[in-house]
Amino acid sequence: SAVQVEIEPDIVYGHKDGLALTLDWFHPMEKSNGGAVVFIVSGGWYSRWAPPEQTQGWVQPYLESGFECFAVRHGSSPRYGIPDAFSDVRRSIRFIRSEAERFGIDADRIGTLGMSAGGHLSLMLGTTGDDGDPEASDPLERVSSRIKTCVALVPPTDLTVAVWEAPESLPAYKNFPALELDLESAAVHSPLKNVSCDDASALVVMGGRDELVPQRHGEWIAAEFEKIGVRHRLIIEPESGHDLGPNSTRNRVLGEVKEWFEEELRIKN
């Protein structure tokens, strides 16, 4: 039988320029397992509000496994750039951890999920986790931003080949104002350049026919994870483009993601 889900929408996790930064909480009644899956609402680094009932489709499989799920929105392009989007989602992780008791989660069992730009941000969270700054004046900045695992579907992993000023940048990238970023910031905000031995485990899924974010982005970061010894898995769907279609493929991929979260976020006895 379908899991009963209680939704608490528009929880404020921070403020920016007088605006509220919000997330939605999806609580699986009766069967919570204490793990958390955080879905990053981002495509092209645009982050739009939608009724949570529409976003729920992205997290439904994990709700059925008993995960507490969250949909996080960040300051959106074109007004806000990639550095903003990243600092927002990182803050959301600190917030969720700081409220672990309220959400009924184990602070050490948080995973993230995103597609395309959301996948980039998910990998950024996995590769840049910190323990918080005990000296920070903002109490949330004192809280760890570490996650246990991250899942990234068709993510750009190296922005230094994607930003407008990069010689290799594709013409289609002109459609994304967030990629009007200097090369130095692009490197700082590239998961590939942040890989280190204390990173979260990662599942990366690429489309073999993806012309927007070619499969090499996944191969690059998998090679780096391999070299440094970070637990990871790379799946390439040879016939899929950027949408990971057709539906049969997408459903199979979501099954793999669900298994990954169940394995990586399970309660260790």
Side-chain angles (χ1 to χ4, degrees), residues 1-11 13 22-42 51-73 89-115 118-119 121-127 129 131-132 140 143-153 198-205 230-233 235 250-269:
S1 67
V3 60
Q4 288 289 103
V5 177
E6 192 174 46
I7 301 175
E8 195 175 322
D10 294 326
I11 296 172
Y13 70 85
T22 61
L23 57 83
D24 299 330
W25 172 27
F26 301 85
H27 166 56
M29 297 157 80
E30 288 111 53
K31 61 175 296 189
S32 174
N33 67 26
V37 170
V38 179
F39 171 63
I40 296 166
V41 181
S42 190
E53 293 72 16
Q54 283 179 27
T55 315
Q56 189 174 337
W58 277 99
V59 296
Q60 189 62 33
Y62 323 117
L63 289 166
E64 284 163 12
S65 298
F67 291 108
E68 299 289 342
C69 293
F70 302 85
V72 169
R73 292 169 286 271
V89 297
R90 184 168 58 184
R91 182 179 185 85
S92 77
I93 299 297
R94 299 192 204 279
F95 173 82
I96 290 167
R97 173 173 276 106
S98 73
E99 297 280 337
E101 205 169 315
R102 164 187 178 184
F103 296 133
I105 61 168
D106 172 348
D108 295 326
R109 290 164 56 219
I110 299 172
T112 60
L113 165 69
M115 184 163 185
L121 293 169
S122 181
L123 279 173
M124 279 297 293
L125 291 167
T127 54
D131 295 324
L140 265 197
V143 179
S144 163
S145 68
R146 292 186 186 277
I147 56 173
K148 181 81 173 48
T149 193
C150 58
V151 174
L153 310 178
D198 66 344
D199 288 351
S201 64
L203 169 64
V204 179
V205 183
V230 174
R231 182 173 150 69
H232 69 283
R233 183 171 174 216
I235 299 174
R250 203 177 297 124
N251 290 338
R252 190 181 69 245
V253 164
L254 291 177
E256 301 270 14
V257 172
K258 180 172 170 162
E259 279 180 26
W260 179 268
F261 280 135
E262 286 175 350
E263 171 65 24
E264 295 298 301
L265 299 176
R266 72 175 189 267
I267 301 172
K268 302 284 192 277
N269 294 325

*Which residue pairs pass the salt bridge (Lys or Arg N to Asp or Glu O under 4.0 Å) test with at least one member in residues 57-73, sequence neighbours excluded?*
Asp10-Arg73, Asp24-Arg73
So does [Y] get a backbone contact from the side chain of [X], meaning a donor-acceptor N/O pair under 3.5 Å?
X      : Y      : value
Ser201 : His232 : no
Ser98  : Phe95  : yes
Thr127 : Leu123 : yes

*Residues which pass ring pair (Phe, Tyr, Trp, His ring centres under 6.0 Å) with Trp58, listed by chain and number, not counting sequence neighbours*: Phe39
*Considering residues at least two apart in sequence or located in another chain, which fulfil the ring pair (Phe, Tyr, Trp, His ring centres under 6.0 Å) criterion with Tyr13?*
none
Can you name the closest pair of heavy atoms from [X] and [Y] and give their distance?
X      : Y     : value
Leu121 : Ser42 : CD1-OG, 3.9 Å
Trp25  : Phe70 : CD1-CE2, 3.6 Å
Arg146 : Arg97 : O-NH2, 2.7 Å

Just to verify, what does [X] make a side chain to side chain donor-acceptor pair (under 3.5 Å) with, not counting sequence neighbours?
X      : answer
Glu53  : none
Glu262 : Ser65
Glu256 : Arg233

To the closest 0.5 Å, what do you measure between [atom1] ([X]) and [atom2] ([Y])?
X      : Y      : atom1 : atom2 : result
Asp199 : Thr149 : CG    : OG1   : 11.0 Å
Ser145 : Arg90  : OG    : CZ    : 6.0 Å
Phe103 : Ser32  : CZ    : OG    : 12.0 Å

Taking C-beta and beyond as the side chain, do [X] and [Y] meet within less than 4.5 Å on heavy atoms?
X      : Y      : value
Arg102 : Ile11  : yes
Ile93  : Leu125 : yes
Lys31  : Val3   : yes
Leu153 : Leu203 : no
Ile110 : Val38  : yes
Leu113 : Ile40  : no
Val257 : Tyr62  : yes
Ile105 : Phe67  : no

*Decide side chain to side chain contact (heavy atoms under 4.5 Å, CB included) for Arg109 and Lys148; before the verdict, give the C-alpha distance in whole Å, the side-chain angles of both, and the deciding distance to 0.1 Å.*
CA-CA 6 Å; Arg109 290 164 56 219; Lys148 181 81 173 48; 5.6 Å; no
*Yes or no on side chain to side chain contact (heavy atoms under 4.5 Å, CB included) for His27 and Leu63, after CA distance, side-chain angles and deciding distance?*
CA-CA 7 Å; His27 166 56; Leu63 289 166; over 6 Å; no
*Should Val41 and Val72 be marked as a side chain to side chain contact (heavy atoms under 4.5 Å, CB included) after you check the CA-CA gap, both sets of side-chain angles, and the distance that decides it?*
CA-CA 6 Å; Val41 181; Val72 169; 5.9 Å; no
_side chain to side chain contact (heavy atoms under 4.5 Å, CB included), that's the test. Do Val151 and Val205 meet it? Break it down for me._
CA-CA 8 Å; Val151 174; Val205 183; 5.6 Å; no
